[in-house]
Amino acid sequence: MVKHGPDGTEYRNKSVFKEVVMHKKLVYDHISAPKFLATVEFVTRGDKTHIDWHMLFETKEQFLQVVKTFKAGEGLKQNIEKLNKYLQAQLNIRSQLKTTNMAGTNTYLNFRGNTEEAFNFYRSVFRTEFHGNGIQRFGEIPAVEGHPPLSEAGKRLILNG
């Protein structure tokens, strides 16, 4: 995975998930430098979700370096802002698609480099059309102030179809 710093710098990261409790908790080891153990808990509070995000570093010095050098506090803040924007976009898409109270199924397929071709193939096989606004791209999500801009290639990546 590649994380983008507040200044646009790309940081290659590798993590191993140790525990996943759906809608409740994620625990993962960040095994590329700097190494740490992260625990992310999701707690329902009324109609909102509170996120407790704990990161345990090997040493105090390592923690301080991550905060100062990599601006981890700002990065985590941006991650939460991006997550919020993503979730809002998903809610908007779902409300556009919801035309009945009947239960439905949402399937997400991921393809490397040929998503649009695959979507159009399946559309032709099933003889159907895309619902809502059709194929949506990451470039259609409004930019967030203070975040590095998406590359032109990133803007063309498909979010939903």
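Here the options are Lys82, Gln88, Gln90, the test is side-chain contact (heavy atoms from CB on, under 4.5 Å), and the partner is Tyr86; only Gln90 passes. Of the options Arg137, Arg123, Arg156, a salt bridge (charged side-chain N to carboxylate O under 4.0 Å, His left out) to Glu116 is made by Arg137 and by none of the others. Only one option out of Gln62, Gln65, His30 pairs with Phe57 in a side-chain contact (heavy atoms from CB on, under 4.5 Å); it is Gln62.
Looking only at side-chain heavy atoms (C-beta outward), Glu10 and Pro148 stay at 4.5 Å or farther from each other.
A continuous path of hydrophobic side-chain contacts links Val20 to Phe42 [ILVMFWY only; heavy atoms under 4.5 Å]. By the criterion of side-chain heavy atoms lying less than 4.5 angstrom apart, applied directly or through intervening Ile, Leu, Val, Met, Phe, Trp or Tyr residues, Ile135 is grouped together with Tyr122 in one hydrophobic cluster. Side-chain heavy atoms closer than 4.5 Å link hydrophobic residues (I, L, V, M, F, W, Y) into clusters, and following such links, possibly through other members, connects Val125 to Ile158. Both Val40 and Leu87 belong to a single network of hydrophobic side chains, linked directly or stepwise wherever heavy atoms of I, L, V, M, F, W or Y lie under 4.5 Å apart. No path of Ile, Leu, Val, Met, Phe, Trp and Tyr side chains, each step under 4.5 Å between heavy atoms, connects Val43 with Ile80, placing them in separate hydrophobic clusters.
The main-chain N or O of Val66 is never found under 3.5 Å from a side-chain atom of Thr69 such that the two would form a donor-acceptor pair. Not a single donor-acceptor pair under 3.5 Å links the side chain of Thr39 to the backbone N or O of His54.
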For this session: Carefully, step by step, assess Leu76 and Met55 under the rule side chain to side chain contact (heavy atoms under 4.5 Å, CB included).
Result: CA-CA 11 Å; Leu76 285 174; Met55 299 165 69; 3.8 Å; yes
Problem set entry | Residues Ile51, Leu83; criterion side chain to side chain contact (heavy atoms under 4.5 Å, CB included); working and verdict | CA-CA 11 Å; Ile51 300 175; Leu83 175 61; 4.0 Å; yes
For this session: Give the C-alpha distance, both sets of side-chain angles, the deciding distance and a yes or no for side chain to side chain contact (heavy atoms under 4.5 Å, CB included) between Phe36 and Tyr28.
Result: CA-CA 9 Å; Phe36 59 86; Tyr28 63 91; 4.1 Å; yes
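Here the straight-line distance linking atom CG of Asn120 with atom CG of Asn114 works out to 11.0 Å at 0.5 Å rounding. Remark: Ile31 CD1 to Ser15 OG distance equals 7.0 Å, nearest 0.5 Å.
For Glu117, the CD atom is loosely surrounded, since the number of other residues' heavy atoms within 6.0 Å does not exceed 12.
For Lys155, the side-chain hydrogen bond (donor to acceptor under 3.5 Å, both in side chains) partners at least two apart in sequence or on another chain are Glu152. Listed by chain and number, the residues in a side-chain contact (heavy atoms from CB on, under 4.5 Å) with Lys77 are Glu74, Glu81 (sequence neighbours excluded).
The nearest pair of heavy atoms linking Arg12 to Ser32 is O-OG, 4.0 Å.
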